[in-house]
Asks: 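To start, I am sharing the structure in question, which I have written as C-alpha cells.
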Amino acid sequence: MQYPEFKNKHIISTKDLTKKELGVILDTAVRMDTVVQTQGFSAVLPNSLIAMLFLEPSTRTRLSFEAAAQRLGAHTVSVSDAGSSSAAKGETLADMVRVVAGYADCIVLRQPYQGQARMAADCIDIPLLNAGDGKGQHPTQALLDLYTIRKELGRLDSLKISLVGDLKYGRTVHSLCYALMPFTPQLTLCAPPELGLPRDILDDLKNHNIRCTLTSKLEEALQADVIYMTRIQRERFSDKSEYEKLKGSFVLTRELVLRGNKDIVIMHPLPRVDEISEDVDGLARAAYFRQAHNGMYVRMALLALVLGGDIP
Ligand code: ASP
C-alpha cells in the first residue's frame with residue numbers, strides 16, 4: 001500500500017498534521033509493529049539513504065531512527081555530536097543541510113534552536129523530519145505518544161490527560177498538545193507557575209475548545225486516564241539557580257499512584273531524572289518503557305511514508 005500524499009512531506013510540527021494524517025501514521029505504525037514481530041526486517045526502503053544529523057544529545061530518538069531505517073532495509077549516515085561536525089567551525093545549519101541533501105534521500109535533524117527545523121526544511125527538496133528543535137517541537141515523540149495511548153487504552157477520543165512538569169521548555173508536551181487536539185481531550189496542565197505552558201499554545205487549545213485545568217498539585221493530575229510526566233529541562237535554563245529551585249518539583253511515587261485513578265496509564269518521554277521513583281516501574285500501568293519501544297514502529301512508519309515506500 002502507498003500513500004502518495006505523504007511522499008516528500010517534511011514532518012516539522014504536529015500542528016501541521018490533520019486527524020486523517022495522524023490516523024494513517026498510527027495505522028502504518030501498527031503494520032510496522034507486526035512486521036517486526038513476525039519477520040524482524042522488511043525491504044521497504046532498500047534503495048534509500050537516510051542522514052541522521054543530531055546536533056544535540058539523544059539516545060532513544062537517534063537509535064530508534066537508526067534501528068527503524070535498518071529494519072526497513074535503508075542505509076544511514078550520521079552525525080551524533082555537534083562538536084564533531086562543521087557546526088563547530090561555524091557552518092550554518094542552512095549550508096549543512098544543503099550539503100547533506102546532496103548525499104541522502106531524507107534528513108532526520110535534531111538541533112537546539114526553536115524554529116530552525118522549518119528553516120532547514122525550506123532550504124532543501126528532500127523530506128526533513130524534525131527530531132527536536134530546542135524548546136520548540138518534537139513531533140515524532142508526540143506521534144509515538146499517541147500510538148502508545150491508543151495501544152494502552154484502545155482509543156484516543158475524549159480522554160482525560162494530565163501533562164506534568166516542565167510545560168514551558170518541554171518540546172514533547174508542545175507537540176503532544178497539538179497531536180491530541182483533534183481528539184478533544186480534557187487536559188490537566190500541572191506545572192510550577194514558572195514552567196507553565198507557553199501562552200500561544202494555551203491560546204490555540206482554547207481556540208479549539210479544549211478544556212484545560214491548570215494546577216500545581218500532582219494529586220489532581222492523578223485523576224485522569226493518562227498522566228504524562230516530564231523532566232525539568234535543565235539545559236534550557238539561562239539562570240541555573242532557577243533550575244536548582246525548580247528541580248524535584250514533582251516526584252511520582254508508588255504510594256501517590258495507588259491513591260489516584262486505579263487504571264491510569266503512566267507515561268514519560270524519558271530520560272527521567274527523579275520525576276518517577278523506581279518503585280513505580282513494576283506497576284502494570286507504568287507504560288514508559290513500552291512507550292520508548294513503540295518509537296521504533298512509529299519512526300519506521302514515518303520513514304516509509306515520506307520516502308514513498310510500499311507499506312507491507
Ligand atoms: N527526550 C525528550 C526530548 O528530547 C524528552 C527530554 O529530553 O526530556 O525532548
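Order of appearance sets the numbers: ligands from 1, and atoms from 1 within every ligand.
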Asks: Any ring pair (Phe, Tyr, Trp, His ring centres under 6.0 Å) pairs touching residues 275-312, not counting sequence neighbours?
Replies: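 Residue pairs with at least one partner in residues 275-312: there are none.
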Asks: Provide, to 0.1 Å, the distance between atom 6 (C) of ligand 1 and the closest protein heavy atom, together with that atom's residue and name.
Replies: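 Here the closest protein heavy atom is Arg231 NH2, 3.4 Å.
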Asks: Any idea which atoms of ligand 1 are less than 4.0 Å away from a heavy-atom of His138?
Replies: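 The atoms of ligand 1 under 4.0 Å from a heavy atom of His138 are 3 (C), 4 (O), 9 (O).
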Asks: Can you tell me if Arg110 has a non-hydrogen atom under 4.0 Å from ligand 1?
Replies: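 Yes, Arg110 has heavy atoms under 4.0 Å from ligand 1.
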Asks: Less than 4.0 Å is my threshold; does some heavy atom of Gln233 fall inside it relative to ligand 1?
Replies: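 Yes, that is the case, since the closest heavy atom of the residue is under 4.0 Å from the ligand.
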Asks: Closer than 4.0 angstrom: is that true for some heavy atom of Leu270 and an atom of ligand 1?
Replies: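 Leu270: in contact with ligand 1 (<4.0 Å).
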Asks: What do you reckon, does Glu235 have a nitrogen or oxygen under 3.5 Å from a nitrogen or oxygen of ligand 1?
Replies: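 Between Glu235 and ligand 1, no N or O pair is found under 3.5 Å apart.
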Asks: Compute both the distance and the angle, then confirm whether Arg299 meets the cation-pi test with Phe65: under 6.0 Å from the six-membered ring centre, within 45 degrees of the axis.
Replies: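 Yes.
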Asks: Would you mind listing every side chain to side chain donor-acceptor pair (under 3.5 Å) that reaches into residues 97-106, with sequence neighbours excluded?
Replies: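 Qualifying pairs: Asp95-Arg98.
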Asks: In the protein, which heavy atom is nearest to atom 9 (O) of ligand 1, and how far is it?
Replies: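 Looking at atom 9 (O) of ligand 1, the protein heavy atom closest to it is Arg171 NE, 2.9 Å.
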Asks: Taking 4.0 angstrom as the limit and counting only heavy atoms of Thr172, give me the atoms of ligand 1 inside it, by number and element.
Replies: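 The atoms of ligand 1 under 4.0 Å from a heavy atom of Thr172 are 2 (C), 5 (C), 9 (O).
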Asks: Following the transitive rule for hydrophobic clusters with a side-chain heavy-atom cut-off under 4.5 Å over Ile, Leu, Val, Met, Phe, Trp and Tyr, establish whether Leu163 and Val280 coincide in one cluster.
Replies: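 No, no single cluster joins them.
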Asks: Could you state whether Leu72 and Ile50 fall into the same hydrophobic cluster, counting links through intermediate Ile, Leu, Val, Met, Phe, Trp or Tyr residues with side-chain heavy atoms under 4.5 angstrom apart?
Replies: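 Same cluster.
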Asks: Would you check whether Pro271 reaches within less than 4.0 Å of ligand 1, judged by its heavy atoms?
Replies: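 Flag set, Pro271 near ligand 1.
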Asks: Does either side chain, that of His10 or that of Arg118, offer a donor lying less than 3.5 Å from an acceptor on the other one?
Replies: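 Short answer, no.
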Asks: Is there a donor-acceptor contact under 3.5 Å from the side chain of Ser162 to the main chain of Ala221?
Replies: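 Yes, the answer is positive, given that a donor and an acceptor are paired below the 3.5 Å cut-off.
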